[in-house]
S.K.: 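Input: one structure, supplied below.
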There are 2 protein chains.
Amino acid sequence: MRHSLLPACLSLTLCFGLSFAQEQQYAIVIHGGAGRISSNPERRAERERILKHALTTGQKMLQEKRSSLDTVEAVVRILEDSPMFNAGKGAVFNAAGTHELDATIMDGSTRSTGAVGGVTTVRNPVSLARRVMTDTRHVLLVAAGADRFADNYASDPMIQRVANSYFSTEYRRASLKRVQQQEKQKESDSMGTVGCVALDMNGNIAAATSTGGLTNKKFGRIGDSPIAGAGTYADNRTCGVSCTGIGEDFIRNAVAYDVSARMAYKGVSAKTAIEQILSSKEHQVRGGIIAVSHDGQIVTEFNTPGMSRAAADSGGRFEVHVAE
Amino acid sequence: MRHSLLPACLSLTLCFGLSFAQEQQYAIVIHGGAGRISSNPERRAERERILKHALTTGQKMLQEKRSSLDTVEAVVRILEDSPMFNAGKGAVFNAAGTHELDATIMDGSTRSTGAVGGVTTVRNPVSLARRVMTDTRHVLLVAAGADRFADNYASDPMIQRVANSYFSTEYRRASLKRVQQQEKQKESDSMGTVGCVALDMNGNIAAATSTGGLTNKKFGRIGDSPIAGAGTYADNRTCGVSCTGIGEDFIRNAVAYDVSARMAYKGVSAKTAIEQILSSKEHQVRGGIIAVSHDGQIVTEFNTPGMSRAAADSGGRFEVHVAE
């Protein structure tokens with residue numbers, strides 16, 4: 001009799017403990033792209049410094065009861081402003097030797113979402129994506145149209161305009177040269193896409209992703225980053241997700257939404273859902289996925305040699321791992 | 001005893017009947033857009049004639065053991081070439097008084113997919129989407145880049161180039177004027193997006209969708225039609241899907257993929273999955289969805305006043321319903 005009561009008591013305690021914690025807890029996870037491990041110690045150190053700064057900033061906002069939406073935007077802006085990632089400043093070059101940027105943001109409390117694809121003059125594409133979400137009834141604006149949309153925000157400090165050359169770095173220019181010399185017209189896999197998912201103290205989840213796409217990309221190629229359901233998803237009932245890797249794999253498998261669907265329909269955890277997707281021979285998804293579930297579980301999984309990532313939560317977790 | 005044996009015998013017979021039929025069966029379903037019922041009898045009659053022609057063409061191809069991929073492409077080309085639908089010739093005008101077209105195609109046997117967004121000079125966007133799928137490692141090319149990609153197919157009879165004014169019709173010009181007069185800068189809901197899903201005699205499913213988007217659209221707006229997972233999906237293991245309606249609803253809910261996910265993870269039929277989505281108060285999806293499941297079930301559901309649609313299968317079904 002004692003044996004059968006004990007688990008019941010324990011699980012009651014756990015339940016009460018969890019539901020109390022749920023109201024107060026927060027969690028945040030960041031990625032800076034999946035890919036190979038960098039052999040350059042200076043770049044590794046600088047990436048680590050920026051990720052730590054972004055994580056600290058996001059954690060502080062959540063502790064101050066700011067919304068997850070504000071938090072993921074602020075964190076992604078920091079990564080966009082750093083030349084160390086393939087997003088905003090430091091974005092890769094396309095085949096024409098310029099930069100075309102993609103970003104999405106999604107609010108898990110309403111499943112509202114906004115995205116921009118192929119913008120060329122907006123310093124922080126993630127903030128323009130947020131304006132698409134809040135100020136239009138659309139979810140995706142692309143190319144010259146997206147830049148024209150940004151003209152509406154001349155006096156908005158979050159929508160700063162820059163010359164396209166602002167995004168250029170010598171590191172990415174060398175990558176373009178290398179790719180173009182290796183094989184005429186070849187495009188290189190993206191490294192350094194950034195993303196952030198957060199659960200705030202009100203139980204709201206938000207997710208955002210930002211990228212420069214593929215080195216040497218042509219023809220207005222759009223990857224998964226500006227597509228809700230493919231590279232980014234958020235639903236308070238399940239989880240928030242941001243992906244990095246071969247964008248086409250993530251689109252054809254609707255990966256970010258699939259994490260949520262597996263949780264909702266199969267009843268598995270976010271971690272199990274993501275492990276299933278990344279190990280599936282049928283999916284053939286190459287890259288990494290970060291998530292925060294509705295109950296504050298953080299997941300960072302990848303099937304590439306490395307993934308730069310950072311995570312913190314109200315339980316005391318605070319960690320930064322750097323790859324290139 | 002006789003009572004309990006009879007159902008067993010019947011179900012055995014049904015099983016054998018079904019598995020025999022499965023190898024030989026085909027099914028095809030087409031939509032010409034969800035929306036209001038037209039009060040114009042001439043347009044209704046002409047739409048009915050085109051839908052019947054498209055259905056007959058697709059049915060004949062499937063009977064001749066052509067692939068579902070060839071079939072959905074051929075059917076959508078017929079609808080794109082007709083001025084009666086919002087795809088190809090007859091596409092709506094954007095705010096600048098020109099046309100920007102979106103299309104996707106997806107192969108359920110490999111889940112390969114290709115799409116174009118905002119193309120302006122390609123007579124049949126669905127065929128350019130197929131070239132993206134087969135000839136690049138990308139799935140989505142947009143705006144000027146997609147038109148430049150089409151330059152590679154100067155000698156390809158499937159990729160015919162046209163002046164943007166080729167797509168113009170007086171009917172759609174009047175719509176633009178009406179929308180612009182009603183309210184400055186307002187955009188009108190799309191009517192007449194086209195799509196086709198087919199199951200061929202080899203058990204392969206394909207789906208395709210093509211549209212001109214919203215009347216008076218601005219800023220390079222991209223809807224669900226060129227996004228695999230949102231407006232179009234195909235997976236031999238579950239079903240093929242094509243959607244029409246308010247594209248943004250379909251993106252944020254990853255609707256086309258969600259039909260497949262509900263079948264795979266919840267074990268429901270395509271019809272039940274689609275009914276659940278269209279009746280969900282949380283999803284708030286407005287429009288119509290067509291599907292063919294792996295076992296040849298055809299679904300045509302909508303929560304708008306009407307949806308133009310047509311369906312045929314190897315069991316003798318052949319029907320055309322017209323709305324505007």
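Small disclaimer: the values here were computed from a predicted structure and weren't measured. We use all heavy atoms of the structure for the numbers below, so side chains are in, but hydrogens, waters and symmetry mates are not. Within every chain, numbering begins at 1; the chains are lettered A, B, ... in the order of the sequence lines, protein sequences first and strands thereafter.
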S.K.: With chain A, which of Thr113(B), Val132(B), Val139(B) has the greatest number of heavy-atom pairs at distances under 4.5 Å?
M.R.: Val139(B)
S.K.: For Arg137(B), does its backbone N or O pair with a side-chain atom of Arg221(A) as donor and acceptor, under 3.5 Å?
M.R.: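 No, the answer is negative, given that no donor and acceptor are paired below the 3.5 Å cut-off.
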S.K.: Can you pull out the residues in residues 223-232 of chain B with any heavy atom less than 4.5 Å from chain A?
M.R.: Ile227(B), Ala228(B)
S.K.: Select one option (side chain, backbone, both, neither) describing which atoms of Glu100(B) are under 4.5 Å from chain A's heavy atoms.
M.R.: neither
S.K.: Under 4.5 Å heavy-atom distance to chain B, tell me which part of Thr136(A) shows up: side chain, backbone, both or neither.
M.R.: neither
S.K.: Measure across His283(B) and Arg111(A) and return the closest heavy-atom pair with its distance rounded to 0.1 Å.
M.R.: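 Result for this residue pair: N-NH2, 4.2 Å.
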S.K.: Applying a criterion of heavy atom separation less than 4.5 Å, what residues of residues 249-265 of chain B form contacts with chain A?
M.R.: Ile251(B), Arg252(B), Asn253(B), Ala254(B), Tyr257(B), Asp258(B), Ala261(B), Arg262(B), Tyr265(B)
S.K.: Given that the side chain runs from C-beta out, which part of Asp151(B) has a heavy atom under 4.5 Å from chain A: side chain, backbone, both or neither?
M.R.: neither
S.K.: Need one label for Asn152(A): side chain, backbone, both or neither, based on atoms under 4.5 Å from any heavy atom in chain B.
M.R.: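 It is the side chain, since no backbone atom gets that close.
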S.K.: Identify the two heavy atoms, one from Leu141(B) and one from Lys218(A), that lie closest to each other, and give their separation to 0.1 Å.
M.R.: CD2-O, 4.3 Å
S.K.: Using 0.5 Å steps for rounding, measure from the CD1 atom of Ile222(B) to the NE2 atom of His138(A).
M.R.: 11.0 Å
S.K.: Once rounded to the nearest 0.5 Å, what's the spacing between atom CD of Glu282(B) and atom OG1 of Thr110(A)?
M.R.: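 Here the interatomic distance stands at 12.0 Å.
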